[in-house]
Amino acid sequence: MDGNEIRTGGKCPVMHGAITETGTTVMDWWPKSLNLDILHQHDRKANPLAGFNYREEVKSLDFDGLKKDLLALMTDSQDWWPADWGHYGGLFIRMSWHAAGTYRLADGRGGASTGNHRFAPLNSWPDNANLDKARRLLWPIKKKYGNKLSWADLMVLAGTVAYESMGLKTFGFAFGREDIWAPEKDVYWGAEKEWLAPSDNRYDDVTNPSTMENPLAAVQMGLIYVNPEGVNGKPDPLATAQQVRETFARMAMDDEETFALTVGGHTVGKCHGNGSADLLGAEPEGAGLEEGGLGWMNNTTRGIGANTVTSGIEGAWTTHPTKWDNGYLHMLLNHDWELRKSPAGAWQWEPVDIKEEDKPVDAENPAIRRNPIMTDADMAMKMDPIYREIAERFYQNPALLDDAFARAWFKLTHRDMGPKDRYIGPEAPQEDLIWQDPVPAGRKDYDVAAVKAQIAAAGLSVSDMVATAWDSARTFRGSDLRGGANGARIRLAPQKDWEGNEPARLTRVLSVLEPIAAASGASLADVIVLAGNLGVEKAAKAAGVALDLPFAPGRGDASDAMTDAASFAPLEPVADGFRNWLKKDYVVSAEELLLDRAQLMGLTAPEMTCLIGGMRVIGTNHGGTRHGVFTDRVGALTTDFFVNLTDMAFKWVPKGANLYEIQDRNSGAVKWTATRVDLVFGSNSVLRAYAEVYAQDDNKEKFVRDFAAAWTKMMNADRFDLA
Ligand code: HEM
């Protein structure tokens with residue numbers, strides 16, 4: 001049935017006029033229109049626990065009781081989904097890893113911190129087959145601990161406790177991941193329209209993994225990482241090694257971490273492919289409602305236990321798959337391996353020759369022994385020279401693997417939680433780790449008013465102060481809670497040299513602010529923000545509005561030693577619609593980049609509008625250009641940007657890809673120049689509606705107040721100590 005049939009009183013006997021299915025939305029009619037929805041996800045109205053403060057409440061969780069219950073659950077096999085060898089550890093670990101492993105460094109999106117694994121598309125990715133069962137097995141625990149335990153925390157904890165129950169000394173665990181209640185709308189998982197479409201779609205050259213489209217990290221649509229059977233399903237461990245290296249690097253893992261994770265991951269559990277994938281029903285999102293939200297059901301034969309089909313590969317990696325031991329490297333390094341097909345028809349490596357007692361027993365019948373297996377990615381750990389060197393080293397000294405794995409597992413599962421101050425619970429590790437971007441606490445006891453007075457007397461321009469504070473704060477992204485003004489990393493490499501930070505201007509401004517910080521005891525991070533606030537207040541005053549921005553001291557200054565310069569590279573802006581700047585060789589549409597950045601910063605569409613309108617009249621434009629200044633009164637926080645944008649006295653004339661002239665419609669005289677980003681606020685129907693609000697005569701002061709609120713939100717975005 002389609003919409004026309006309903007409206008013409010056609011075939012549908014029941015009157016209903018709402019669009020209850022996607023497929024006929026505005027975005028379908030005009031696929032190129034800006035998806036402002038990404039700025040307004042996770043509405044309070046969709047949250048059944050609105051007003052509930054998870055991060056406070058989880059502190060009173062019965063941590064010990066929960067852990068005991070989880071340990072008991074590990075070996076409490078259920079008839080509806082029996083545990084392999086009577087232990088669910090492998091399944092739960094795979095669930096935790098798949099929840100966390102979608103994280104990618106490039107934009108910080110993905111990862112385990114929101115519980116997104118419950119929702120589409122992730123709940124139905126081919127690679128997540130049968131993890132719906134893992135979540136269902138956890139339901140009694142979730143039910144018991146209720147609101148005090150989020151799914152997001154539980155899914156990561158289950159894998160961590162599984163490792164403990166199998167004998168690994170973990171590096172710790174932190175609670176504090178708050179659940180979302182609807183699928184994320186902002187995450188780009190790839191352009192393919194078909195699951196597991198060939199890798200070639202997302203590489204310029206599939207033989208050169210670094211050419212994978214950014215910000216993607218997985219090699220095919222619907223996979224978390226690489227294809228276990230080889231590049232495009234063709235076994236070749238050396239080629240797979242290259243893809244593993246790139247994929248894990250995009251998840252922020254180096255060679256040793258990647259090796260430790262793969263080896264440690266496959267030290268326990270098994271692959272499932274003892275049957276035919278053709279007998280499986282649809283994935284959860286596409287399955288009939290009688291499946292109760294589960295997917296991949298085999299309703300024709302016994303498709304559980306030893307007959308489960310998940311990846312299609314069949315077998316365990318080690319002799320004792322429910323024990324944390326050195327069995328994986330023992331198996332991998334001491335046997336020759338040959339390619340065979342699993343019962344489900346997947347490529348897998350099996351030992352040419354193996355002693356009977358070294359084989360793992362069947363997952364259900366201990367009287368039968370089965371061949372161990374290696375995936376193509378496992379073989380990469382032996383065949384690739386760099387991984388091989390690590391393999392030999394870790395095999396000789398298993399304690400190295402224990403430590404490397406425990407640390408890498410902790411990083412994998414906590415990377416997107418932000419700084420360690422946000423960790424909750426008795427087992428949260430205290431050690432400073434470089435990937436947490438540590439920042440020491442700054443002083444709060446200095447005389448803020450006196451410092452502000454010194455800045456005011458130092459003679460910096462409004463534009464200098466506002467632009468520097470903005471550049472310091474704008475790296476913040478809510479996706480993994482990195483970046484931001486705290487730490488004043490803008491004075492350290494690599495940030496101080498980023499083109500978008502205008503190094504010459506930055507050096508000049510910092511040379512004024514640094515002595516003020518040093519003399520007062522305030523951190524430079526605080527002084528930069530204070531200067532920005534001062535600039536905004538001056539601009540408001542010039543527009544006739546008295547403004548006294550709130551300021552909370554206490555930011556700290558980070559050090560070079562605790563800054564992993566390489567991992568900051570992805571935070572570099574290549575475009576900043578707020579500062580009206582786009583790297584010259586960047587071809588993506590400027591307004592899409594603006595939207596992406598606003599989403600990462602956590603701004604709503606009205607907040608984004610205010611900030612753009614304010615920046616344009618304050619005149620912070622990159623390099624001091626006049627593009628998009630849009631006012632004759634630069635430096636005053638007026639509503640001129642919106643007034644002039646909506647005034648029919650002017651016409652917009654394209655002058656190149658990104659530039660426009662704003663001409664007087666009658667005389668043709670050029671008044672100002674603008675960029676695409678400016679004009680989107682006059683042309684997009686929604687953004688124009690916002691622009692009109694601020695162009696109205698009665699909202700001049702409201703604009704200043706709204707700008708101030710959005711500005712303050714940005715300056716404090718990374719003040720987790722204030723939350
Ligand atoms: C190098 C990339 C990796 C590849 C290609 C890969 C591939 C696979 C495949 C094909 C399976 C079988 C799934 C099934 O049929 O049930 C599997 C299972 C598993 N993987 Fe990985 N994996 C990788 C990395 C990891 C990592 C990093 C971890 C955790 C740190 C991990 C932990 C597990 C566990 C515990 C299982 C067993 C699941 C069970 O017993 O039900 N894997 N992996």
Side-chain angles (χ1 to χ4, degrees), residues 74 81-85 87-101 103 126-131 133-134 137 156 158-160 162-163 166 168 170 217-220 223-231 233 235 237 240-248 251 253 255 257-275 277 280 296 304-318 321-322 324 328 342-344 346-349 360 363 373-381 384 387 401 404-413:
M74 293 292 157
W81 196 260
D84 298 328
W85 308 286
H87 201 304
Y88 286 119
L91 180 64
F92 287 150
I93 291 165
R94 179 171 155 253
M95 175 189 62
S96 306
W97 142 236
H98 282 210
Y103 172 80
D127 217 6
N128 287 333
N130 290 333
L131 294 178
K133 319 301 183 306
L137 287 163
V156 177
T160 307
Y163 270 120
M166 291 169 157
L168 173 77
T170 67
V219 306
Q220 283 172 263
L223 290 184
I224 306 291
Y225 33 93
V226 301
N227 187 322
E229 294 179 67
V231 177
T240 296
Q242 298 307 318
Q243 283 202 341
V244 170
R245 178 162 290 123
E246 180 70 24
T247 297
F248 278 72
M251 293 178 196
M253 299 294 175
D255 280 328
E257 290 165 328
T258 304
F259 178 87
L261 282 171
T262 309
V263 170
H266 294 168
T267 294
V268 298
K270 75 182 282 283
C271 299
H272 300 84
N274 189 18
L280 301 182
W296 303 286
I304 58 175
N307 303 106
T308 304
V309 175
T310 304
S311 61
I313 295 173
E314 173 58 32
W317 295 267
T318 68
T322 60
W324 175 261
Y328 176 101
S342 75
W347 284 118
Q348 59 190 38
W349 296 83
I373 56 94
M374 294 288 158
T375 69
D376 210 50
D378 297 303
M379 291 305 292
M381 300 299 123
D384 176 86
Y387 292 139
L401 172 65
F405 178 75
R407 285 173 178 272
W409 175 260
F410 182 80
K411 176 176 172 183
L412 170 78
T413 49

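Computed from heavy atoms alone, side chains included, the values below leave out hydrogens, waters and symmetry copies. Atoms within a ligand are numbered from 1 in the order they appear, just like the ligands themselves.
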Notebook entry, point to check: Counting heavy atoms only, which of Phe405, Phe259, Trp409, Tyr225 is nearest atom 3 (C) of ligand 1?
Noted result: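 Result: the heavy atom closest to atom 3 (C) of ligand 1 is in Tyr225.
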Flag, side chain of [X] to backbone of [Y], donor-acceptor distance under 3.5 Å:
X      : Y      : value
Gln348 : Glu314 : yes
His266 : Tyr328 : no
Asp84  : Ala363 : no
Ser342 : Gly312 : yes

Note to self: For Thr310, run the side-chain contact (heavy atoms from CB on, under 4.5 Å) check against Leu91, Asn130, Asn128 and tell me which one passes.
What the structure shows: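 Testing each of Leu91, Asn130, Asn128 against Thr310, the sole residue satisfying side-chain contact (heavy atoms from CB on, under 4.5 Å) is Asn130.
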Note to self: Is a donor from one side chain sitting under 3.5 angstrom from an acceptor on the other, for Asp378 and Thr375?
What the structure shows: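 Checked: Asp378/Thr375 side chains pair up, N/O donor to acceptor below 3.5 Å.
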Checklist line | Thr160 and Trp409 side chains, donor-acceptor separation under 3.5 Å | finding: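 A donor-acceptor contact under 3.5 Å links the two side chains.
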Closest protein heavy atom to [atom], given as residue, atom name and distance to 0.1 Å:
atom                    : answer
atom 11 (C) of ligand 1 : Cys271 SG, 3.7 Å
atom 16 (O) of ligand 1 : His272 ND1, 2.6 Å
atom 28 (C) of ligand 1 : Trp97 CD1, 3.3 Å
atom 30 (C) of ligand 1 : Leu261 O, 3.4 Å
atom 29 (C) of ligand 1 : Gly265 CA, 3.4 Å
atom 38 (C) of ligand 1 : Gly90 O, 3.4 Å

Any side-chain heavy atom of [X] within less than 4.5 Å of one from [Y]?
X      : Y      : answer
Asp376 : Trp349 : yes
Leu137 : Trp81  : yes
Lys270 : Ile373 : no
Tyr387 : Met379 : no

Which of the numbered atoms in ligand 1 are under 4.0 angstrom from any heavy atom belonging to [X]?
X      : answer
His266 : 6 (C), 7 (C), 8 (C), 17 (C), 19 (C), 20 (N), 21 (Fe), 22 (N), 23 (C), 24 (C), 25 (C), 31 (C), 32 (C), 33 (C), 42 (N), 43 (N)
Pro228 : 5 (C), 10 (C)
Ala377 : 1 (C), 5 (C)
Ile93  : 35 (C)
Thr262 : 1 (C)

So, regarding [X] and ligand 1 (criterion: nitrogen or oxygen to nitrogen or oxygen, under 3.5 Å), is there a contact or not?
X      : value
Trp317 : no
Thr375 : no
Ser311 : yes
Lys270 : yes

Check: Any heavy atom of Tyr88 sitting closer than 4.0 Å to ligand 1?
Finding: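 Distance cut 4.0 Å: Tyr88 fails for ligand 1.
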